[in-house]
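Here the structure is laid out as structure tokens; the discussion comes afterwards.
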Amino acid sequence: DGPVLDILYNRRPIQIRGIVRGDLREATDAWYDLGGGRYVPATYVDPLILRTPPQTFSGRWVDVNLTQFYAVTYEGNQPKYVAIVAAGRGGRTPIGVFNIQYQVRSEIMDSATVGIPKGDPEYYYLENVEYTQYFLEGGYAIHGNYWTPEDRFGNFTSNGCVGLMNEDAAVFWDWLNPGDVVSIHF
């Protein structure tokens with residue numbers, strides 16, 4: 001009987017803290033406890049079954065699966081955190097194994113720095129891009145993406161970077177360091 005507190009979009013990972021009984025929804029009274037007084041009917045949630053990465057690495061690293069549109073932090077072969085991503089349209093997100101080259105906590109991203117000049121239909125100028133972690137020359141990075149609506153994540157919408165919602169990007173920022181592996185594949 002409580003008010004709606006938030007909207008959960010399709011395929012957005014959520015952490016479930018427990019199961020409680022509540023109002024009947026589509027033949028079940030099971031509700032998932034999300035913590036903080038937040039609950040979602042179990043019938044609205046599908047289990048997240050991640051594909052096994054093609055290879056694993058020692059230490060902390062990230063697997064980006066462009067078929068499922070998820071990025072997962074790992075410690076060795078153990079997944080620790082999962083987030084939905086926005087990736088590069090038209091095959092613009094590079095495929096392969098990379099290392100974090102350097103990190104920038106908050107910056108301006110301007111497409112002119114990667115060869116897309118002002119006046120081009122794909123030109124962009126974005127202030128306050130947070131948690132940027134560059135993994136390949138040419139401006140390729142994992143970073144926060146505040147300009148893409150949440151319901152558009154899980155698609156090819158970027159110019160080649162791996163975009164995360166800012167709250168997820170903060171987790172990845174705290175997880176990775178320069179030299180850590182980023183594996184991107186389909």
Side-chain angles (χ1 to χ4, degrees), residues 9-15 48-57 59-116 122-186:
Y9 291 96
N10 184 34
R11 301 182 56 230
R12 172 75 192 268
I14 57 173
Q15 184 177 27
L48 175 59
I49 301 170
L50 296 170
R51 293 186 180 164
T52 302
Q55 57 185 327
T56 60
F57 303 88
R60 293 181 171 202
W61 62 283
V62 169
D63 180 66
V64 180
N65 184 315
L66 298 179
T67 299
Q68 291 187 294
F69 290 98
Y70 290 114
V72 182
T73 63
Y74 278 86
E75 179 80 40
N77 63 0
Q78 294 297 311
K80 297 297 183 178
Y81 187 87
V82 61
I84 195 165
V85 302
R89 60 191 176 276
R92 294 180 187 181
T93 299
I95 304 301
V97 176
F98 310 96
N99 298 92
I100 297 296
Q101 295 177 352
Y102 63 99
Q103 301 166 307
V104 181
R105 176 59 183 80
S106 183
E107 67 178 329
I108 293 171
M109 285 189 174
D110 180 344
S111 66
T113 63
V114 293
I116 303 171
E122 293 191 357
Y123 176 78
Y124 58 87
Y125 179 89
L126 301 163
E127 296 180 351
N128 301 314
V129 179
E130 297 190 79
Y131 309 112
T132 305
Q133 301 186 78
Y134 289 96
F135 60 82
L136 182 64
E137 289 183 28
Y140 295 100
I142 296 172
H143 60 73
N145 177 329
Y146 63 82
W147 54 93
T148 298
E150 187 172 340
D151 65 345
R152 296 287 300 136
F153 276 77
N155 288 293
F156 294 108
T157 62
S158 80
N159 278 314
C161 289
V162 176
L164 298 163
M165 286 178 252
N166 275 350
E167 65 189 57
D168 295 327
V171 172
F172 281 68
W173 175 267
D174 289 339
W175 187 256
L176 293 170
N177 291 298
D180 288 345
V181 170
V182 176
S183 175
I184 305 175
H185 58 88
F186 280 94

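Residue numbers run from 1 in the order of the sequence given.
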[X] side chain vs [Y] backbone, donor-acceptor pair below 3.5 Å:
X    : Y    : answer
Q133 : Q101 : no
W61  : F57  : yes
N99  : G179 : yes
T132 : H143 : no
Y9   : F153 : no

### Query
With V82, which of D63, L50, N65, D168 fulfils side chain to side chain contact (heavy atoms under 4.5 Å, CB included)?
L50
#### Entry: Y140 six-ring centre to R92 NZ/CZ under 6.0 Å and within 45° of normal
no
### Flag for S106-E130: side-chain donor and acceptor within less than 3.5 Å
no
### Query
Is a side-chain donor-acceptor pair under 3.5 Å present for N155 with R89?
no
### salt bridge (Lys or Arg N to Asp or Glu O under 4.0 Å) against E150, all qualifying residues, sequence neighbours excluded
R12
### Shortest non-hydrogen separation from V129 to G144 and the atoms involved
CG1-O, 3.7 Å
### Minimum heavy-atom distance between I84 and N10, given as atom pair plus value
CD1-O, 4.4 Å
### Query
Going by an N to O cut-off under 4.0 Å, is there a salt bridge joining E75 and R60?
yes
### Message
Using 30° and 60° as the class boundaries, would you call the ring planes of F98 and F135 parallel, tilted or perpendicular?
### Response
tilted
### Task
To the nearest 0.5 angstrom, please state how far the CZ atom of R152 sits from the CH2 atom of W147.
14.5 Å
### Query
How many angstroms lie between CG in D110 and OH in Y125, if you round to the nearest 0.5 Å?
7.0 Å
